[in-house]
Enquirer: 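Below are the structure tokens for one structure; questions will follow.
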Protein chains: 2
Amino acid sequence: MKDALAHAELIAVLTAVTNDAPRVMTVSKGEALPSGPFELEHRSLQAGLREWVNEQTGHPLGYLEQLYTFADRDRSPQDRARRTISISYLGLVREQAAPGAGAPGWHGWYEYFPWEDHREGRPDALAPIAEALNAWAATEPSRRDHRQKRIDLSLGLNGAGWNEELALQRYELMYEAGLVTEAGAQGVPGTGRPMFADHRRMLATAITRLRAKIKYRPVVFELMPESFTLSHLQRTVEALAGLALHKPNFRRLIDQQELIEETGEMSSETGGRPAKLYRYRRAILEEHALSSARLPLSRN
Amino acid sequence: MKDALAHAELIAVLTAVTNDAPRVMTVSKGEALPSGPFELEHRSLQAGLREWVNEQTGHPLGYLEQLYTFADRDRSPQDRARRTISISYLGLVREQAAPGAGAPGWHGWYEYFPWEDHREGRPDALAPIAEALNAWAATEPSRRDHRQKRIDLSLGLNGAGWNEELALQRYELMYEAGLVTEAGAQGVPGTGRPMFADHRRMLATAITRLRAKIKYRPVVFELMPESFTLSHLQRTVEALAGLALHKPNFRRLIDQQELIEETGEMSSETGGRPAKLYRYRRAILEEHALSSARLPLSRN
DNA sequence: TCCCTTTTACTCAGGTTGAGTATATGTGGG
DNA sequence: CCCACATATACTCAACCTGAGTAAAAGGGA
């Protein structure tokens, strides 16, 4: 086995939901994800990441999951003499105490992916993107049909429905078509805010992973405060999925699974009938870490 | 960012199914997974792995998916001055032309995990394992309940059903309890054949990932020959899942999804009514790479 | 007091899933 | 030559799940 030394870097996609907006922790004014080197004294990759996130941000880090390991030569502006291996992690952080418009470092997912938020119907950003992609498909007649099918399925065109889990595929498609700034493009309108190197790709990976995961594992609760109302829980899920959910079905599913219990308290925040407060049944944690925790889909 | 150089190594879990037995490609007489260094000239991690698998084994490699990146200090016998980062991949290989009992290098999954094969009911290997785990749970009274719940859920004890997707969790549990040889134990009977370093953990990761994936993405076809019967397809899925499936329901689900089409040929291999031969509808590939491809569960 | 808003509760049709049973069509032995 | 045998294929049925809609309850404010 030949010697093959590489620079190892840990990248964190830390996510929280505040005021029904999913946010990601950033550095450099929102242009990059926080990262740090993997060092010799770290016990494991995960432990290494935990350490310096704790050190640098002080945020208690609940859930942590490995996302992906990248080392593509052509996607980051590194020197060619030495390779960098980037190991990315998805971390979930509890909502901070309502930091107004936005605490320094936290930015909304949908600044970077305006086309991913379908809570109020199809966003306007999708039209110019679809148009640009279609034009790209037409440039190469031999692959045209194949490309067109990918576009239609990814964006939910021509009879295909919108699938919120395809966030990464959509970004990769736009990258391939040269629509995003990271791919060297001019920046087609509506293609969102760019990030350093392939950090936006990692965020897209995180979004896709999380949107898939909330459907079968109770990870949402890592983002919720101690006690919450059912509507609050639903709005948090909707924020992550970028979809509006059917209220009665959401509630039915939640209490079928017996994941939460009433605290006895009530909340009377927004005008209307006061809502019961609930808490996550921590005692049941590992049990549900194994079994499922599905969520209702669609509506809109 | 401090300099943090590490040795980067690519590890492949190559899987094929031959004669209804899922196999993994190994080196060192079945004691290790094939691996190679990640080199400067590789375009990406995936490209690097493809290259040397092709070079060393000559096996055409269809599906390839990143599994996990490890760098645990306490789980591999490395020198402490320099770290090794192991990036593992799951690769699916088409069944080789019936290599009798076993071509050199290929070993059955269930040599390493005898307790994972439930096609003919609960394997005998589970009883001593459950016993040893229960004893381990009892050693620490404070964590006893917690541990017992984990054991029951993982092994399908005390009312919980067997969940084939928990292969990794079961192995990790046994590792934690010190039952497997890799954890420095004597080797409790029925705990399967050990492997070098944490290679068996990677195989367990691959099994878990693949067992989950076949339920919602048509990856099985990467393991099938050009044409096959429905029974053959079912037996392949059963081999991977380690479960017996309900035949009528399996067939119903398969043709509901229109993943395959008749070739027009028939097969009359085993005594009985000849079966129609089918082929996977490649044309539809990307379409189904996106949508779902569920499989029926249970039956025993 | 009445209207508005939000929570909570109930209903219903269609589809999916698990499970069982029956019929077709070959092979090979007597 | 025909009859068991083995497997493939087809059909049925009840329980459950899911999407979708409607109605009643409970506060706040004009």
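Chain A is the first sequence line, chain B the second, and so forth, proteins listed ahead of strands; every chain is numbered from 1. The structure presented is a predicted model; accordingly, all values stated were derived computationally and were not measured.
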Enquirer: Give, for atom CG of A/Leu90 and atom CG of A/Leu67, the distance between the pair rounded to the nearest 0.5 Å.
Expert: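 If I round to the nearest 0.5 Å, the distance is 5.0 Å.
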
Enquirer: Drop me the distance from B/Leu173's CG to B/Arg147's CZ, to the nearest 0.5 angstrom.
Expert: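 Spacing of CG (B/Leu173) from CZ (B/Arg147) equals 9.0 Å.
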
Enquirer: Measure from CG on B/Leu230 to P on C/dT25 and round the result to the nearest Å.
Expert: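 Value for this atom pair: 17 Å.
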
Enquirer: Return the value, rounded to whole Å, for the distance between atom CG of B/Leu245 and atom P of C/dG20.
Expert: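 Spelled out: CG on B/Leu245 to P on C/dG20 is 15 Å.
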
Enquirer: Any protein N or O atoms within reach of nucleotides 25-29 of chain D? Criterion: under 3.5 Å, listing atom names and distances.
Expert:
from	atom 1	to	atom 2	distance (Å)
D/dA25	N3	A/Arg273	NH1	2.9
D/dA26	O4'	A/Arg273	NE	3.3

Enquirer: Just the rounded figure in Å: distance from C1' of D/dA8 to CD1 of B/Ile260.
Expert: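 For the pair B/Ile260 CD1 and D/dA8 C1', the rounded distance is 14 Å.
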
Enquirer: CD1 of B/Ile254 versus P of C/dT17: gap in Å, rounded?
Expert: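 My rounded result for the distance is 12 Å.
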
Enquirer: Is it the case that A/Tyr171 and A/Gln169 place a side-chain donor and acceptor less than 3.5 Å from each other?
Expert: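 Looking only at side-chain atoms, A/Gln169 and A/Tyr171 do not form any donor-acceptor pair under 3.5 Å.
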
Enquirer: Hey, which sits more toward the 5' end of DNA chain D by its nearest nucleotide, B/Leu277 or A/Gln256?
Expert: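 Result: B/Leu277.
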
Enquirer: Which one, C/dT8, C/dG20, D/dG21, comes nearest to the side chain of B/Pro248?
Expert: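 Nearest to the side-chain atoms of B/Pro248, counting from C-beta on, is C/dG20.
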
Enquirer: Does B/Arg119 make a cation-pi contact with B/Trp162 (under 6.0 Å, within 45 degrees of the axis)?
Expert: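 No, B/Arg119 does not sit over the ring of B/Trp162.
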
Enquirer: Please confirm whether the backbone N or O of B/Leu245 pairs with a side-chain atom of B/Gln234, one donor and one acceptor, at under 3.5 Å?
Expert: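 The answer is yes, because a donor-acceptor pair under 3.5 Å joins these two groups.
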
Enquirer: Whether A/Glu116 and A/Arg170 form a salt bridge (side-chain N of Lys/Arg under 4.0 Å from carboxylate O of Asp/Glu) is what I want to check.
Expert: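 Counted as a salt bridge, because a side-chain N and a carboxylate O are separated by less than 4.0 Å.
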
Enquirer: Counting only side-chain heavy atoms from C-beta out, which of C/dG20, C/dT17, D/dT9 sits nearest to B/Leu253?
Expert: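 From the listed options, C/dT17 comes nearest.
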
Enquirer: Does the pair A/Lys215/A/Glu165 count as a salt bridge with the N-to-O cut at 4.0 Å?
Expert: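 Looking at A/Lys215 and A/Glu165, the cut-off is met.
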
Enquirer: If you look at every strand shown and take non-hydrogen atoms under 4.0 Å, does B/Ser231 touch a base, only sugar-phosphate, or nothing?
Expert: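 It contacts sugar-phosphate atoms only.
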
Enquirer: Using only side-chain N and O atoms of A/Arg251, determine if any of them is under 4.0 Å from OP1 or OP2 of C/dA9.
Expert: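 Answer no for this pair, as no side-chain N or O of A/Arg251 is under 4.0 Å from OP1 or OP2.
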
Enquirer: Please enumerate all protein N or O atoms sitting under 3.5 Å from an N or O of nucleotides 11-13 of chain C, with distances to 0.1 Å.
Expert:
none

Enquirer: Does B/Arg279 have any side chain to side chain donor-acceptor pair (under 3.5 Å) partners at least two apart in sequence or in another chain, and if so, which?
Expert: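 By the side chain to side chain donor-acceptor pair (under 3.5 Å) rule, B/Arg279 matches B/Glu261.
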
Enquirer: How many whole angstroms separate atom NE2 of B/His246 from atom P of C/dT17?
Expert: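 Taking atom P of C/dT17 as the reference, NE2 of B/His246 is at 13 Å.
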
Enquirer: A/Arg23 side chain to A/Thr15 main-chain N or O, any donor-acceptor pair under 3.5 Å?
Expert: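 No; judged by distance alone, with no hydrogens or angles, the pair does not exist.
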
Enquirer: Mind calculating the distance between CG (B/Leu233) and P (D/dT9) to the nearest angstrom?
Expert: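 After rounding, the reported distance stands at 12 Å.
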
Enquirer: Please give, in whole Å, the distance from D/dT18 P to A/Lys215 NZ?
Expert: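 Nearest whole value for this atom pair: 13 Å.
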
Enquirer: May I ask you to evaluate whether A/Lys247 reaches the phosphate of C/dT7, defined as a side-chain N or O under 4.0 Å from OP1 or OP2?
Expert: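 Answer is yes, contact under 4.0 Å.
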
Enquirer: Can you tell me the distance, in whole Å, between the CZ atom of A/Phe250 and the P atom of C/dA9?
Expert: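 That distance rounds to 15 Å.
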
